[in-house]
Amino acid sequence: MENSCLFCRIVAGEIPATVVHRTATTVAFRDIDPKAPTHVLVIPVAHHANVIELAADPAAAADVLATAAKVAELEGLADGFRVIFNTGEHGGQEVFHVHAHVVGGVPLGPMLARP
């Protein structure tokens, strides 16, 4: 655990979160600033700063994706959803503990806004 990492502190139970699913290796909880009716973050319990570090641990990466799929099922997102990883400053990453955004519940429109 990284003592200053917000998500590590959520995993440790030091900071409350609305957990929707938990496994031995992942935690899924509601985003505090949702961008859609369903917006859940899926994180590995082990600290990986970004998706590049997560990719170096294939088992952890698979667990995160499996949990994202389970969250979509539990949230009733049969019509579709997105799984988004933001990596690095230019990628919009704000918390440097890798996390997948599971977003859905409405038609999401184009992938990116046009500049």
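Just the heavy atoms: all of them, side chains too, but no hydrogens, waters or symmetry mates, feed the values below. Positions are given from 1, in the same order as the sequence printed here.
In this structure, the ring pair (Phe, Tyr, Trp, His ring centres under 6.0 Å) partners of His101, at least two apart in sequence or on a different chain, are His39, His99. For Phe29, the ring pair (Phe, Tyr, Trp, His ring centres under 6.0 Å) partners two or more places apart in sequence, or in a different chain, are Phe7.
Across Thr67 and Ala28, no two heavy atoms sit closer than the pair CG2-CB, 4.1 Å. The two atoms that bring Leu54 and Ala61 nearest to each other are CD1-N, 3.7 Å, heavy atoms only. Ala36 and Gly104 make their closest contact through CB-O, 3.5 Å (heavy atoms, listed as atom of the first residue, atom of the second, distance). Annotation for His47 and Cys8: closest pair ND1-SG, 3.4 Å, computed over non-hydrogen atoms. Residue Ala68 comes nearest to Val42 through the heavy atom pair CA-CG2, 4.0 Å, listed as atom of the first residue, atom of the second, then distance. Contact detail for Asn50 and Gln93: the closest heavy-atom pair is CB-OE1, 3.7 Å.
Considering only heavy atoms from C-beta on, Leu41 stays 4.5 Å or farther from Val95 through its side chain. Within the 4.5 Å cutoff, the side chain of Pro44 has heavy atoms near those of the His97 side chain. Counting heavy atoms from C-beta on, the side chains of Glu75 and Val20 come closer than 4.5 Å. Within the 4.5 Å cutoff, side-chain heavy atoms of Val64 are placed close to those of Phe85. You'll find the side chain of Glu53 stays beyond 4.5 Å of the side chain of Val98, heavy atoms only.
Looking only at distances, no side-chain donor or acceptor of Glu94 sits under 3.5 Å from a matching main-chain atom of Asn86.
No path of Ile, Leu, Val, Met, Phe, Trp and Tyr side chains, each step under 4.5 Å between heavy atoms, connects Val51 with Val45, placing them in separate hydrophobic clusters. Note: the hydrophobic cluster containing Leu74 does not contain Phe81 (ILVMFWY, side chain heavy atoms under 4.5 Å, direct or indirect links). A continuous path of hydrophobic side-chain contacts links Leu77 to Val40 [ILVMFWY only; heavy atoms under 4.5 Å].
Atom CG of Leu6 is separated from atom CD1 of Ile15 by 4.5 Å, given to the nearest 0.5 angstrom. With values rounded to the nearest 0.5 angstrom, Asp31 atom CG is found 11.5 Å from Thr38 atom OG1.
Every pair passing salt bridge (Lys or Arg N to Asp or Glu O under 4.0 Å) that includes a residue from residues 54-71 is listed here, sequence neighbours excluded: Lys70-Glu73.
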